[in-house]
Amino acid sequence: MIAVLKNGATDKQIEGIIEWIHTLGLEVHLSKGHYQTILGIIGDTQKVDEDLLSGLEIVESVKRISEPFKSANRKFHPDDSVIKVSGTEVGGDAFTFIAGPCSVESEEQIIGIAKEVKALGATMLRGGAFKPRTSPYDFQGLKAEGIELLLEAKKETGLPIVTEIMNANHLPMFEEVDVIQVGARNMQNFELLKELGRTRKPILLKRGLANTIKEWLMSAEYIMAGGNENIILCERGIRTFETYTRNTLDISAVSVLKELTHLPVIIDPSHATGAAKYVKPMALAAAAAGAAGLMIEVHNDPVHALCDGPQSLTPAQFGEVAEGVNKILTALKA
Ligand code: PEP
Ligand code: MN
């Protein structure tokens with residue numbers, strides 16, 4: 001349920017309503033936008049006397065929200081959310097370029113790639129330390145050592161780091177990580193999402209392999225219900241009957257999500273296509289569709305990468321993508 005307040009409602013009056021709603025055992029999400037102040041009421045809203053609420057002097061209108069996602073709903077928060085990440089921002093006017101290898105392999109590899117992608121326009125560094133691999137016999141990542149190496153690369157370049165968590169027990173190792181990634185396979189690991197809701201870390205929530213947009217937003221809601229509103233959504237392709245690409249990139253998810261939620265949405269064309277040659281056209285399409293950024297796999301030696309070599313770009317290829325995307329962004333502003 002949302003209550004749209006009249007212009008001119010004082011802080012004291014707003015606090016009064018919030019206190020009253022709290023006494024009913026409900027949560028309130030206050031959104032003070034440029035033009036409107038909105039109270040999003042979460043919980044069993046049957047307890048709220050709608051006539052009483054809409055009759056209050058400072059309330060302009062009251063609406064029930066039919067969608068099951070509340071905190072993530074744009075109706076609760078009409079302005080786009082901008083997620084602050086260690087000195088940079090995701091969403092709003094910013095366009096985010098997250099680049100780096102699928103997995104951290106060595107100090108030389110991660111620091112070398114970090115320096116190169118930074119020089120070519122990356123705003124954050126990615127690299128998997130804990131890798132969710134389909135086969136238990138494949139490289140599983142350097143784990144804690146991988147995180148240490150990412151922190152080294154951050155120290156060298158100043159780039160904030162993004163890396164995936166697979167187990168909530170590992171959270172202490174992620175203390176200095178700037179953005180915690182929840183990968184496609186864990187999008188519906190609800191216990192993990194609840195734990196991340198207790199932190200205030202920015203979370204990059206990838207879409208599950210076979211999940212609807214509604215299910216994805218409900219996963220964001222799990223994190224937000226714990227009080228952590230710092231969520232970046234990442235479309236990375238979904239399973240369809242098509243086999244020429246690793247997954248099918250759902251570009252339309254950007255437009256759908258812009259309508260449904262205030263959370264920023266980025267695109268990962270690397271996992272979506274599985275092939276380096278398709279990354280640039282899909283990255284350009286993502287920028288044209290209005291995505292808030294891109295996550296792209298970049299390796300100094302893709303042929304010998306321990307994970308996802310075929311979809312990895314060289315740093316030079318990443319530079320070409322960034323250049324093309326910047327042209328699209330400039331054209332969109334013109
Ligand atoms: C990744 O980004 O390294 C990854 C494993 O991606 P996804 O969860 O989208 O498969
Ligand atoms: Mn990968």
Side-chain angles (χ1 to χ4, degrees), residues 90 96-105 109-110 113 117 122 124-136 138-143 146-147 149-150 160-167 170 174 177-189 192-193 196 202-211 213 215-216 219-220 231-240 245-251 253 265-276 278-279 282-283 286 291 293-314 317-318:
V90 180
T96 304
F97 283 103
I98 305 172
C102 181
S103 49
V104 180
E105 298 172 9
Q109 176 239 23
I110 193 68
I113 295 174
V117 294
M124 283 191 227
L125 175 69
R126 66 150 285 148
F130 292 90
K131 292 304 306 173
R133 303 305 300 276
T134 302
S135 166
D138 286 341
F139 177 58
Q140 303 287 306
L142 295 180
K143 306 189 176 76
I147 294 184
L149 295 179
L150 282 166
I161 56 171
V162 186
T163 194
E164 178 167 353
I165 193 164
M166 296 212 293
N167 184 334
H170 295 164
F174 285 70
V177 168
D178 302 282
V179 178
I180 302 181
Q181 175 173 323
V182 175
R185 290 152 191 84
N186 271 313
M187 189 204 87
Q188 286 191 313
N189 181 339
L192 175 62
L193 301 177
L196 295 172
I203 308 295
L204 184 92
L205 179 64
K206 286 192 144 192
R207 183 177 184 175
L209 303 169
N211 285 108
I213 290 174
E215 287 164 342
W216 188 11
S219 290
I231 300 174
I232 303 155
L233 299 168
C234 178
E235 160 65 36
R236 46 78 72 208
I238 46 174
R239 280 274 166 88
T240 67
T245 47
R246 185 174 176 184
N247 292 289
T248 296
L249 178 57
D250 181 8
I251 287 268
V265 188
I266 69 163
I267 294 269
D268 170 351
S270 308
H271 291 91
T273 62
Y278 300 137
V279 169
M282 291 305 98
L294 288 159
M295 176 186 252
I296 295 180
E297 285 190 340
V298 179
H299 200 282
N300 51 329
D301 182 11
V303 178
H304 296 106
L306 294 182
C307 182
D308 286 348
Q311 69 196 31
S312 299
L313 302 186
T314 60
Q317 288 170 326
F318 168 72

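Both ligands and their constituent atoms are indexed starting at 1 by order of listing.
- From the protein, the heavy atom lying nearest to atom 6 (O) of ligand 1 is Lys206 NZ, 2.9 Å.
- Remark: distances from the non-hydrogen atoms of Arg207 to ligand 1 are all 4.0 Å or more.
- Residues Thr163 and Phe130 are not in side-chain contact: their nearest non-hydrogen atoms beyond the backbone lie 4.5 Å or more apart.
- Looking only at its N/O/S atoms, Glu297 has OE2 as the one nearest to the Mn ion (ligand 2).
- In this structure the side chain of Leu150 never reaches within 4.5 angstrom of the side chain of Val177, judged on heavy atoms.
- Of the N or O atoms in Asp268, none lie within a sub-3.5 Å distance of an N or O in ligand 1.
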**OP:** Show your working on side-chain contact (heavy atoms from CB on, under 4.5 Å) between His304 and His299 and close with a plain yes or no.
**Re:** CA-CA 9 Å; His304 296 106; His299 200 282; 5.8 Å; no
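- Atom OG of Ser219 is separated from atom CG of Leu193 by 5.5 Å, given to the nearest 0.5 angstrom.
- Scanning all protein heavy atoms for the shortest distance to atom 8 (O) of ligand 1 gives Ala184 N, 2.7 Å.
- Here's the thing with Pro132: none of its N/O atoms is less than 3.5 angstrom from an N/O atom of ligand 1.
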**OP:** Apply the test salt bridge (charged side-chain N to carboxylate O under 4.0 Å, His left out) to residues Glu164 and Arg126: give CA-CA distance (whole Å), side-chain angles for both, the deciding distance (0.1 Å), then the verdict.
**Re:** CA-CA 9 Å; Glu164 178 167 353; Arg126 66 150 285 148; over 6 Å; no
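- By the 4.5 Å heavy-atom criterion applied to side chains, Cys307 and Glu297 are not counted as neighbours.
- Shown in contact with Gly183 at under 4.0 Å from a heavy atom are these atoms of ligand 1, numbered in order with element: 8 (O).
- Here Arg246 contributes atom CZ and Ser270 contributes atom OG; the two are 9.5 Å apart, rounded to the nearest 0.5 Å.
- Shortest contact from atom 4 (C) of ligand 1 to any protein heavy atom: His271 NE2, 3.5 Å.
- Residue-ligand proximity, Arg236 to ligand 1, at heavy-atom distances under 4.0 Å covers atoms 7 (P), 9 (O), 10 (O).
- In summary, of the residues considered (Arg236, Arg207, Lys206), a side-chain hydrogen bond (donor to acceptor under 3.5 Å, both in side chains) with Asp268 occurs for Lys206 alone.
- Annotation: Glu164 places no N or O atom under 3.5 Å from an N or O atom of ligand 1; distance criterion only.
- Taking backbone and side chain together, Cys102 holds an N, O or S atom under 2.8 Å from the Mn ion (ligand 2).
- Looking at His271 and the Mn ion (ligand 2) together, the shortest N, O or S contact belongs to NE2.
- Within Asp308, OD2 is the N, O or S atom that lies nearest to the Mn ion (ligand 2).
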Subject >> Step-by-step side chain to side chain donor-acceptor pair (under 3.5 Å) determination, His271 to Asp308 >> reply: CA-CA 8 Å; His271 291 91; Asp308 286 348; 3.1 Å; yes
